[in-house]
Amino acid sequence: MSSTDTQMPSQASTKAQSLDATTHANIHDKLARALGIKTAQVNAFVKLYDEGATVPFIARYRKEKTQNLDDAQLRALEKSLNYERDMATRRLKITELLSTQGNLTDELQARIDNATSKLELEDIYLPYRPRRRSPAAKARAAGLDVAAQAILTQEITPIEALADYQAPTSITDDNDNEIEVDFSDVDKQLAGVQAIIIDEWTQALDLLDGLRSGFAKTASIVSSVASEEKREVGEKFKDYFEHSESLTRLPNHRLLAMLRGRQENVLTLKVEGEDAPFVEKIISHFKVDAKAPAERREFLTQAANSLWKDKWRPHIEHRLLTEKRLTAEADAIEVFANNLQHLLMAAPAGRKVILGVDPGIRHGVKMAIVDAQGHVMLDSEDKPVVATVYPFAPDNKMAEAKKIIDELLSTYHVDLVAIGNGTASRETDAMIKEILAANTDLKAKAVIVNESGASVYSASELAGDELADLDVSVRGAVSIARRLQDPLSELVKVDPKAIGVGQYQHDVNQNQLADSLDKVTQDSVNAVGVDVNTASPAILAHIAGLNRNVAQQIVTYRKEHGAFDNREALKNVPRLGAKTFEQAAGFLRIHDGSNPLDATGVHPESYELVDRLLAQTGKALPEVLGNDGVLKTIDTTALAANDDNISVKAIVDELAKPARDPRPEFKTANFREDVNSIKDLEEGMQLEGVVTNVTAFGCFVDVGVHQDGLVHISQMANDFVADPMNRVKPGDIVSVRVISIDEQRGRIGFSMKPESEKPARNTDKKPTRPRSNPAATEGDKRPTKPRGKRPQGRSDKGSKPASHRSNNAPKSSKAEAPSKIGTLGALLQEAGVTKNKK
């Protein structure tokens, strides 16, 4: 949207300009039915949306207009609205094209109107798409259509139909461009006639629908190794070297794994299915068996075979695979978005002095201290408090390292030690705990933090601006400390794809992925709000109504003029116009300013209403904020919200809990002191860990041994689990039991099942998409903080994995895992997963 006073039409509004009022009304009615809401709610949202309002703003400050639609509903509505508008625009274009060609019939119009996907629309138009250089077009241009119609309608042999044909000396297309073709002999003429007949038959869309449906039910997808040389380099795809599976039952994550294998030239994919039954249906549909004489019947039978094998079957295979790929990609994107949302909304440690530690061996352990505001602390000489120690081989300067760290912890009164979870993480954690145990005056607590993407941030332009005085190698330690302090503020600085909670993120539609992740980030940032006087441009850019340019303008203005004293001062920022202010102001907080309301979620447009509420109490605002007793005495029935924008109750609720943080309380998992590597694990061992990633076939858990272990979906509970996302979220602290160990390949199998309980009946309900507004799910037991190294796996969410074939976990421990689908190793491999941390 525009960030200036001149309001520009939104993208959705631009798409809608070519559609008439009836089409708009039909779309709104359809969306209301599909989403289970009222048409009036859809109409209200669309009006605001087309005027440039953002989803977070509508969800928070226009509840009265949309009758309390939350942000999850609004996001679904936004996505569906844009899709249906695209569909309507394409319907209109195809209708115009067919009408211009003279091919539009009532049947075609009905098909166009009833099409439910863009693929279906394009299939309807495909037989009529101009192809000036197709064999049929060339044959028609050469005058062979007369012979073709004779064969279709008369009892005549193909040779007889061509008896009077004279091949023209030159052939031109509709644009009078000469076409180079040769119809000088009978065989070429017969081929041209057959091409015309096949082209005409392709317009039998009802027949095509039936064939597509029948073929889909019986077809299989077959994968094989591309060549013998690929067996070794493509070992992670070995479960697909000789694999065949029903196309309709193929789980989404396996399809994406196969496509990845093909992309890397390791696998070849093909669709296998019968031909004869479908050729017979074509023959039957066009009554070819009833044609006479025999030569004509044989000629048309050949055409039916060619129609199926050369035209329709390849097209059907492509469409079926495309539909499944699009579904798989959409579900993979949703999995990524859900995981990201829970990481962004992880519990912050809050305003603590934190020592950030980026562990390493050869290059040393990098450290930096940040203050309660997240700034790198300065020593007595105004130099950043950073250090590098070398406690491990080959230097082995453990005593020196302990002394330096002890001094840092003591001198700067460190509250927490944030240790990155990469190489030497557990060794560093053990060293820190030894220091804390040896000096009882130290009150710090060590916490292991997910460092995925920290190195990406360290080398970024943003890090260069924020930490210009620090070496790139030390910036990662600062980022790790800030992640513990406020995960949301720090993670928004990193490309979500580098955070490591997605599956197949490089294989799906990148524009759709970026759009989905941006919306999740925007919803998360606005749910929490930001302090405009301390926020980075990275997080400000996600505030409703703002973009990167305006965010940078805010920071630049702040540096030049000092901290903002009130929200009104934001209007002085260049390029921050009235519309932008309206959208953003409620989410930008100013603490210790001249107006206490600026530190709350109350929008400036409602300040006058708050004054009227205060008049009833006879008290000043500071006495009312957070005072339930006083607020409950206010008679809200006599007051109406200005312009019906927001209910009085919503304002009173905000005054009762001003700027309430919807994120959960901060807590950490307790890793076992005697378990530091995979070698320390034993089957049956019970451990506490943190969920790092959730996939279609289970979840990965970090127990502090450098490799995340898999809790397969069949091991998540004694009752049936339809969707792992309904049971756990990234950042959840869970108890797991070791059930398999493959040390050679660095793979661990966990179970979350209580051993003593018997399987229960299925109690899962239909999977529901997690709400994207954490504030709306306050009652849920939410994850604490993201931890664990990013999984490298690839999967998706939307289908029941083939791993449902077996409800038993693999029982082998140190032995080489077999390649049979259903074993732990195979389950990991089938998604291209290698669970090794750096």
Measure the CZ-CG distance between Arg475 and Leu462 for me, rounded to the nearest 0.5 Å. 10.0 Å
Test side chain to side chain contact (heavy atoms under 4.5 Å, CB included) on Leu710 and Ile748 and set out the steps. CA-CA 6 Å; Leu710 172 68; Ile748 309 163; over 6 Å; no
Do Val736 and Val711 have side chains that approach each other closer than 4.5 Å (heavy atoms only, starting at C-beta)? yes
CD1 of Ile539 to OG of Ser489: how many Å apart, nearest 0.5 Å? 3.5 Å
Looking only at heavy atoms, the pair that brings Pro662 and Met345 closest together is CG-CE, 3.8 Å
State which residues pass side-chain contact (heavy atoms from CB on, under 4.5 Å) with Arg548; sequence neighbours excluded, sorted by chain then number. Ala541
Do Glu688 side-chain atoms and Asn670 backbone N/O form a donor-acceptor pair below 3.5 Å? yes
Could you give the distance from CG (Asp523) to CG (Leu344), rounded to the nearest 0.5 Å? 10.5 Å
Go through the structure and list residues passing side-chain contact (heavy atoms from CB on, under 4.5 Å) with Ala418, not counting sequence neighbours. Ile354, Val449, Ile480, Leu484
Val555 and Pro537: which non-hydrogen atoms are nearest, and at how many Å? CG2-CG, 3.7 Å
Asn693 side chain to Phe700 backbone, donor-acceptor under 3.5 Å: no
Tell me if the CD atom of Gln510 is crowded by more than 12 foreign heavy atoms within 6.0 Å. yes
Side chain to side chain contact (heavy atoms under 4.5 Å, CB included) between Ile543 and Leu588, worked out: CA-CA 8 Å; Ile543 288 294; Leu588 298 172; 3.9 Å; yes
Gln373 atom CD, neighbour heavy-atom count above 12 within 6.0 Å: yes
Does atom CG of Asp674 have more than 12 heavy-atom neighbours from other groups under 6.0 Å away? yes
Tell me, do Asp358 and Glu451 make a side-chain contact under 4.5 Å, heavy atoms counted? yes
Contact check, side chains of Leu343 and Pro487, non-hydrogen atoms, under 4.5 Å: no
Is a donor on one side and an acceptor on the other found under 3.5 Å between the side chain of Lys729 and the backbone of Met725? yes
Might you point out which heavy atoms bring Leu540 and Ala551 nearest each other, and give the distance in Å? CB-CB, 3.7 Å
State the CD-OH distance between Glu490 and Tyr457, to the nearest 0.5 angstrom. 5.0 Å
Between Asp495 (side chain only) and Ala498 (backbone N and O only), is there a donor and an acceptor less than 3.5 Å apart? no
Ion pair Asp742/Arg745, N-O distance below 4.0 Å: yes
Run the numbers on Val365 and Tyr390 for side chain to side chain contact (heavy atoms under 4.5 Å, CB included), then give the verdict. CA-CA 6 Å; Val365 178; Tyr390 300 87; over 6 Å; no
Quick one, Asn718 and Pro754 - any side-chain contact, counting heavy atoms below 4.5 Å? yes
Going by an N to O cut-off under 4.0 Å, is there a salt bridge joining Glu400 and Lys403? no
Does atom NZ of Lys493 have more than 12 heavy-atom neighbours from other groups under 6.0 Å away? yes
Centre-to-centre under 6.0 Å for Phe697 and His712, is that the case here? no
Determine, for Arg482 against Asp486, whether the closest basic-nitrogen to carboxylate-oxygen distance falls under 4.0 angstrom. no
Is the backbone of Ser677 close enough, under 3.5 Å, to the side chain of Asp680 for a donor and an acceptor to pair up by distance? yes
Smallest separation among heavy atoms of Arg663 and Ala346, with atom names: CD-O, 3.4 Å
Applying side-chain hydrogen bond (donor to acceptor under 3.5 Å, both in side chains) to Asp708 and Thr692, what does each step give before you reach the verdict? CA-CA 8 Å; Asp708 295 347; Thr692 60; 2.9 Å; yes
Does Arg737 reach the main-chain N or O of Glu683 with its side chain, forming a donor-acceptor pair under 3.5 Å? no
With Val233 via side-chain contact (heavy atoms from CB on, under 4.5 Å) - residues at least two apart: Lys230
Taking side chain as C-beta onward, heavy atoms only, is Leu340 less than 4.5 Å from Thr521? yes
Would a distance-only check, ignoring hydrogens and angles, find a side-chain to backbone donor-acceptor pair under 3.5 Å from Asn338 to Glu334? yes
How about Leu488 and Pro348: do any of their side-chain heavy atoms sit closer than 4.5 Å? no
Using modelled atom types only, decide if a donor and an acceptor are shared between the side chain of Thr388 and the backbone of Lys366 within a distance under 3.5 Å. no
Is the shortest distance from a Lys or Arg side-chain nitrogen in Glu264 or Arg260 to a carboxylate oxygen in the other one below 4.0 Å? yes
Find the distance between CG (Leu416) and NZ (Lys443) and round it off to the nearest 0.5 Å. 14.0 Å
Sequence neighbours excluded and cut-off under 3.5 Å, please list the side-chain donor-acceptor pairs for residues 405-415, or say none.
from	atom 1	to	atom 2	distance (Å)
Asp406	OD2	Asn439	ND2	3.2
Ser410	OG	Asp406	O	2.9
Thr411	OG1	Glu407	O	2.7
Asp415	OD2	Val353	N	2.9

Could you tabulate the donor-acceptor pairs under 3.5 Å formed by side-chain atoms of residues 375-387, not counting sequence neighbours?
from	atom 1	to	atom 2	distance (Å)
Asp379	OD1	Glu381	N	2.9
Asp379	OD1	Asp382	N	3.1
Asp379	OD1	Lys383	N	2.8

Side-chain contact, heavy-atom cut-off 4.5 Å: Ile713 with Cys699? no
Spell out, as yes or no, whether a donor-acceptor pair under 3.5 Å connects the side chain of Asn339 to the backbone of Phe336. no
Distance-only, no hydrogens or angles: does the Asp732 side chain make a donor-acceptor pair with backbone N or O of Val728 under 3.5 Å? no
Residue pair Met685, Arg672: steps toward the side chain to side chain contact (heavy atoms under 4.5 Å, CB included) verdict: CA-CA 11 Å; Met685 188 176 278; Arg672 277 181 54 158; 3.6 Å; yes
Please list, chain by chain and in numerical order, all residues satisfying side chain to side chain donor-acceptor pair (under 3.5 Å) with Arg426, sequence neighbours excluded. Asn676
Val370 versus Val478: any side-chain heavy-atom pair under 4.5 Å? yes
Between Ser735 and Gln686, does a side-chain hydrogen bond (donor to acceptor under 3.5 Å, both in side chains) hold up when you go through it step by step? CA-CA 7 Å; Ser735 178; Gln686 200 77 25; 3.1 Å; yes
